[in-house]
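Lettering follows sequence order; numbering is per chain, from 1.
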Amino acid sequence: MPQSPSLSAAAGPKRPTELLRALFRRNETVLLVCLVALIVFFSFASGTFLTTRNITNVLGQASLAMIAGIGIGVVVLAGEIDVSIGSLVGAVGIPLVVVMNQTGSLELGMAAALLLALGVGVANGYLAAYLGINSLIVTLGTMFVIRGGIYLYTGQRAISDDLQLESFYQMGNGRLLGTVPYPALVALVLLVAFVYLMRHRPFGRQIYAVGGNPEVARLAGYNVKRLKFAAFVICSLLAGISGILLSSRLGSAVHVAGLGFEFQVVAAVVLGGVSLAGGVGSLLGVALGVLILAFLSNGLGMLNIATEWQLVITGLIIIAAVAFDELKRRRQ
Amino acid sequence: AAETPKKIGYVTNYATHEWYQNVIKGMQDRAGQLGIEFEVRDANLDVARMVSAAEDFMAQGVDVLIITPVNEEGAVPLVRRAKEDGVPLVLEGNPVSGMTTMVAICDYDTGYHAGVAAGEYARDKLGGVAKVMNVGLPLLSATVLRSNGFMDGLKTILPDATMVHDLDGGGNPDRSLEVSAAALAQNGDINIIYGINDSSSQGGLQAWKAAGKSQDGLLVVGTGGEGLGFINMMATEPSYQIEAAMFPEKVGFTSIDAAVKLFNNEAVPAHIVSPTTPMVGTDSWKQYYSVEGTTRTINWDTVNAVVPADKCMKTAADL
Amino acid sequence: MSETTQAAKPAPVLGRLAENSQIVLLGLLVLLCIGISLGSPQFYSVENIIAILRQCSLVLIVAAGMTMLLIAAEVDLSVGASLAFSGVVAMDVTNKTGSVALGVLAGILFGGAVGLFNGLVVTRLRVNSLIATIATMMILQGSVFLYSREAVQNKHQQVAFTEISTGYVGPVPIPVIIAAVVFVAAFIVLRYTTIGRYIYAVGANQKAARLSGIRPERLKLLVFVVTGLLTGLAGLILTSLMNAGQPTAGRGFELTVIAAVILGGTSLLGGRGTLIGTLLGVLVLKVIDNGIIILRWDQNLQMVVPGVVIIVATYLDLIRSRANAR
Amino acid sequence: MPADAATAAVVRPAGPALEMAGIGKRFPGVLALENVDLTLEPGKVHALMGENGAGKSTLIKILAGVYQRDAGTVRIGGAEADLRSPRDALRAGIKVVFQEIALISEFTVAENIFLEEYPVNGLGSIRWSTIRKEAAALFARLGFDVDPAAKVGQLPVSQQQMVEIARALAHEARIVVMDEPTSSLTPNEVALLFTVIRRLTGLGIAVLYVTHKLDEVFEIADTVTVLRDGRHISTRPIGAHTHESLIQDMIGRKIDNLFPRERGAARGDVVVKVEGLSTDKLKDVSFEAKAGEVLGFFGLMGAGRTELAKAIVGFDPIRTGRISIGGTPLVPHNTRTGVALGIGLLTEDRKSEGLMLELPVLQNTSLAALEDFARAGFVDEGRERSAVQQFVDRFRVKTPSLNQQIKNLSGGNQQKVLLARWLMRGLKVIVVDEPTRGIDVGAKSEIFALIDRLAGEGLAVIMMTSEMPELLGLSDRIAVMAEGRITAVMDREGATQEAILNAAIA
Ligand SMILES: Nc1ncnc2c1ncn2[C@@H]1O[C@H](COP(=O)(O)OP(=O)(O)OP(=O)(O)O)[C@@H](O)[C@H]1O
Ligand SMILES: Nc1ncnc2c1ncn2[C@@H]1O[C@H](COP(=O)(O)OP(=O)(O)OP(=O)(O)O)[C@@H](O)[C@H]1O
Ligand SMILES: [Mg+2]
Ligand SMILES: [Mg+2]
């Protein structure tokens, strides 16, 4: 695991075979190979898979899980978990659309949405990091509370975007130069930023340390609670961004948006090699995990495979991939 | 003669649900008859997946797209994107603003006519008393319309009819059973159970039975005629006397026809109404369906003879 | 280690109130019951109490297994999907063989087989159980429709089949008796037997347990299978209650079960937990669920209130254990 | 800006570097410290000694900001200090090498060194090249042989301990505290450490040094403070102490002979027979151990003793070779078979392989012997309790009750519980890996007496140890390992320290 990338990279000159082996020990390489294999397979199996349109489509679709996945990645690396993101993704659409309808401003709507996300992040973080309640319990609780709150507030009705703002539509549905969906761009920027943050900023390394061993981190003078708190806030804000983009793709605030999303994302994060025990894994792996699941879903659809088979195949692949990763880890 | 599209893609809400299984069956049969390639993608109740699936179909280059939205508001951008892409779009089940056409039953009317039938039944067999437990689903406007229609229809016969308890059964049998058990315990006077789909009415009825109550003096009204469940219940449960049949196969059949018309730029109404009718009495279903083993077959002659209304009495816009 | 001593000082009153996690929950339960019955006396009707108990029994049966699983530091999220599938199998086999006994057996064994699969994936392939059982949940949700596209009806209207859930022994409904038996058995196993002790040991430190001659894999496999069998049993009861095997049933059931278990004070990290706590957790959740309907509150509160209760109860328990450690 | 303390300029304050006065600390059921005073002078090594559970680590943790004191004052360089968190302590220039290894095992050695403060560039990015270079330079200066690019989790305990020490010295410090820093080090490494400590004191840094090893104290300390049961017993210059007086202060009584030998020379049948054993680490290891003997294994760090111990009890997989216990082959190769055949292992790594931290003393003690208290699978808790109580009394485990969570016991007391875990169960062979690591002299002598008695009762004891006196004092035969092989086996009579070390280097 390349916890200190520059260190492992510069471990001295090696023979090519050794370099290759070292490369393959990296979880990301294996995931990348899987992804490429998947793409090659579907390209041959389906005539409509390998088109710019379809590939960019998938990138756009994957970006929502990717953005949220970065957040979950950070929280899990910090040794915690957040299962409330699915509800949050559904919830942020409400302030977004309500404020937008009232003020006619997308910016104000987004600010309101992010404010809600921030509030949820602060609540989760306070309960889990400062009060010390197990984060699965906390976020399971907030997951119920938020979803129930959505239903209470909306009376289980979607809220439509009355003003039909063009900018709101374009955000989730538009494409840069007609090719790259904007959500994919947002995801890419966030990915690069957070990969840098987690690898090359003390804050990122401290998150790793806190997840790897909170006691040690505390002895090293870290404010463990504050770091974990920060991880929750980051996670919620990213889920908020994901929810804003989803809301744009749906052109409204849909009360059932994001149902089950947390499990999809957690599955992708674990598939990407992040250990639920904390402190192990990388955001690059998370991104690859998300892409693998997204291309799998798209490819199986292109092959006209029924839902029930899709579920079975995806489940088996998750087990196989995680088992393989585990085997590899044990071999070392 | 008109041309037929080569390929139609259908994004469904919940492919594994019996109702949609039969809608798909109707579509497949009709597409097969017309020699059209037909593909289904399932949103599996996930709005984000609904958008992705429609996107994928458009990338794949289908000639016509049919969508049953998971949520109608969430499909608004899809209507626009389909237009931008030049793909004709048929909505099934729920209207979406900006759409060209929709194939759907009239949910309010369906409930209403079942309500009228229930009112007559209650007048004749239940001493004119109607205390209703609604095993509803506030999540969808369609199911809310059904419940409203049912009560309004019921009141045309029995103006004193009341909804004693209005429940959210999640549209699931197990959840319906759970919430019904509580409501039945609280309200000893319930004598009509209305379910917004067959799972809901079944959940309500099973809660009644589990409470050890006799079915004398009870009326159960189901909605949908989705699969085998209602047939079995009508055949075996004395209180299950009315089913508001909605003929999913017919919906599917009509949707494909609408898709073909749209493909040929023919004029289509904004709402193509698919017929529904209350079936009253133990054997009433046999008029429309025959069952062999675990497959049911629709009787097209009788179903096609049910004349749909031109226009719904109430729609989601009235809520 | 030092966390205990670092804890913020809790208000003394809170600390005293929250002397024992079971007392917190018990108090909560009593408060709920009193509150609800003040709002609506029907809460205490025999009918309603039986309805609550019947619902509790479904959850409790599975929660008994889940408690052991969490103590052993594993989890099973596939119980909801397995509940539905095993019910479908039970009904189908009953229909095909005409024998309720065979159907019952098939349903329970199917659940056991799912547990075995989960257990093997977790112990042999070493896949983290959270992710493994999410995968199993997907597999089951898909394959149940490959097995049967429709709800499987009680074709021959076997009364014996419906009796499983609606029958009584004296004044007590059969499912409640089944749940009581399961609960007592699980309680005895966890509290008084070597296997129970080993479950705690494996959850607390797997390596230490292995060094002492315990086979953690076997033990975990066993607990997965037991949880699976119990899920099959609950699925059977649900199917009997529905008089049909519903492939779409059980959605979210896993969360209810896990919520009840953690509400009961079982640690997600393994090595800690009690069945009494789980029992109280189940009762609290189901009384809330029932009470909201009885009181005619907005049913959306059925999500909000348990969410708040889980957090608050866990927090009170935390204060209690910190106060004790003082 | 991190810098090696050994080269940093340190302003030498006039008065004491640290004054702790009237320190009190209470844990539930335990008065860990009561009115304890401690004064550290700059440029001096102050040893802190006492039995297990005397309160040494607690005092250090108060100094490190990990625990909050209940009473007393702390003054650093004359000024009152409020140490509310480790961060405060670090800021005050206090560096601590903790008793439990405190490193992030997923990080590289170099990164661990800079955990407290990453060097960053103007933009706030971590300067990895600086980290790499400075870590390498630091190890070179200290003379420790550790690869800075290695992942800490993959290093043996001894190397991890060196990383810990290096980490404490990487930054400027006024006070350096070491809580049993040498528990896993070889004599060579201890010598290196002492050189470093002398360099530190030369710069005016105050050193607080905790150990259970008397020889070390006499070699390095200037002053000794002894605690007993959380109370201050004595503070004297080292010159005023003899071994006996120190022990007397610590345990309140004398130990005549640390290595009593009650058992006779009689040896029984061969109970452990290992032939041609190979694993990833071990190469063709063969030996026998007889009933009634103590077979000591010596080796330098990484020689393979721990691997051997884990392999012969069935915990780690083996490649080839045969192991038989009491004539029965250990097949299938797992701990269940091992335990059933009567072989058990007291592991080197207490926390991760021995203790069930969240569970009480009772469950921790009876784990391996539980079946003896069970009838038809049901545990007779009354019998279990009284049996455990007997062991707790006999081993003088300091615990308020059997229901105390074991994580709240001191290291030495935890070790006693783990030994009791095995002795409650009738074994033929016990393998003990560093059995007295972190254990006080009093307890040590009890454990030695126990081992002697067990051997006398016919048990075969296989003891992996890095302690030369322990090895020579207790073993009947001595096997020496190097690089996964047994390089020599000698009788106790013929063994000399020199011969053993020669074989260990071979
Ligand atoms: N967190 C805690 N909770 C409860 N009791 C504790 C805690 N930490 C230490 N103790 C108790 O305080 C006493 C002092 O323990 P401490 O660890 O300071 O001993 P020590 O002198 O370092 O012993 P050793 O030589 O074994 O390391 C012991 O009786 C121990 O059981
Ligand atoms: N030079 C080394 N570099 C990295 N890892 C090592 C090295 N030597 C040993 N190890 C690992 O450290 C662990 C303990 O080592 P081993 O059993 O060989 O040592 P030992 O003889 O018991 O000595 P000690 O316990 O004092 O380190 C093993 O997991 C081994 O793989
Ligand atoms: Mg100590
Ligand atoms: Mg060793």
Side-chain angles (χ1 to χ4, degrees), chain C residues 1-9 15 20 70-73 123 184-185 187-219 221-222 265-274 320-326, chain D residues 25-29 58 61 64-68 84-86 100 310 313-315 334-341 343-347 349-359 363-364 366-371 373-381 384 405-408 418 421-422 425:
Chain C
M1 175 166 40
S2 51
E3 287 298 321
T4 41
T5 54
Q6 276 287 304
K9 286 193 176 69
N20 180 309
L70 285 188
I71 291 172
T123 59
V184 169
F187 180 82
I188 289 175
V189 167
L190 264 185
R191 182 73 185 72
Y192 295 109
T193 69
T194 48
I195 290 193
R197 286 291 199 81
Y198 291 158
I199 290 174
Y200 281 97
V202 164
N205 187 337
Q206 178 154 339
K207 282 183 188 169
R210 187 198 309 285
L211 271 167
S212 301
I214 299 162
R215 282 171 294 188
E217 286 78 18
R218 288 276 179 100
L219 201 69
L221 190 64
L222 177 75
T266 296
S267 160
L268 289 158
L269 304 174
R272 228 154 49 82
T274 63
R320 176 195 60 81
S321 59
R322 282 175 190 167
N324 277 3
R326 206 147 278 269
Chain D
K25 177 73 189 171
R26 177 181 288 282
F27 292 117
T58 304
K61 284 180 179 170
V66 177
Y67 291 162
Q68 302 305 305
R84 312 202 120 265
S85 74
E100 307 283 349
K310 285 184 175 171
V313 300
F315 189 75
N334 59 36
T335 48
R336 185 170 182 82
T337 322
V339 171
L341 291 178
I343 186 167
L345 168 66
L346 182 72
T347 59
D349 190 343
R350 263 202 302 269
K351 206 167 181 178
S352 86
E353 294 172 345
L355 302 168
M356 302 186 288
L357 291 170
E358 298 294 325
L359 295 188
Q363 260 96 315
N364 269 287
S366 64
L367 181 65
L370 200 58
E371 249 126 60
F373 308 111
R375 212 171 299 145
F378 285 83
V379 182
D380 180 345
E381 211 180 300
E384 179 197 9
Q405 283 184 329
I406 196 145
K407 66 176 177 190
N408 294 335
L418 293 183
R421 177 187 291 174
W422 282 121
R425 193 190 160 97

Between Phe315(D) and Glu353(D), the two heavy atoms sitting closest are CE2-OE2, 4.4 Å
Residues two or more places apart in sequence or in another chain: which of them pass salt bridge (Lys or Arg N to Asp or Glu O under 4.0 Å) with Glu381(D)?
-> Arg191(C), Arg385(D)
Sorted by chain and number, sequence neighbours left out, salt bridge (Lys or Arg N to Asp or Glu O under 4.0 Å) with Arg210(C) holds for Glu217(C)
Specify the closest pair of heavy atoms between Ser366(D) and Arg197(C), including all atoms of both residues, with the distance to one decimal.
-> OG-NH1, 3.9 Å
In short, Gly271(C) meets Tyr200(C) closest at the heavy-atom pair O-CD2, 3.3 Å
So which part of Val313(D) gets closer than 4.5 Å to some heavy atom of chain C, the side chain, the backbone, both or neither?
-> side chain
Contacting region of Ser85(D) [heavy-atom separation from chain C under 4.5 Å] = neither
Do you know which of Asn364(D), Asp380(D), Thr337(D), Leu355(D) has the most heavy-atom pairs under 4.5 Å to chain C?
-> Leu355(D)
For Ile214(C), does its backbone N or O pair with a side-chain atom of Ser212(C) as donor and acceptor, under 3.5 Å?
-> no
Whatever's closer than 4.5 Å to a heavy atom in chain C on Leu418(D) counts as neither
Non-hydrogen atoms of chain C under 4.5 Å away: do they reach the side chain of Leu367(D), the backbone, both or neither?
-> both
Structural part of Arg421(D) lying under 4.5 Å from a heavy atom of chain C | side chain
Most contacts with chain C, counted as non-hydrogen pairs under 4.5 angstrom, among Arg336(D), Arg425(D), Glu358(D) | Arg336(D)
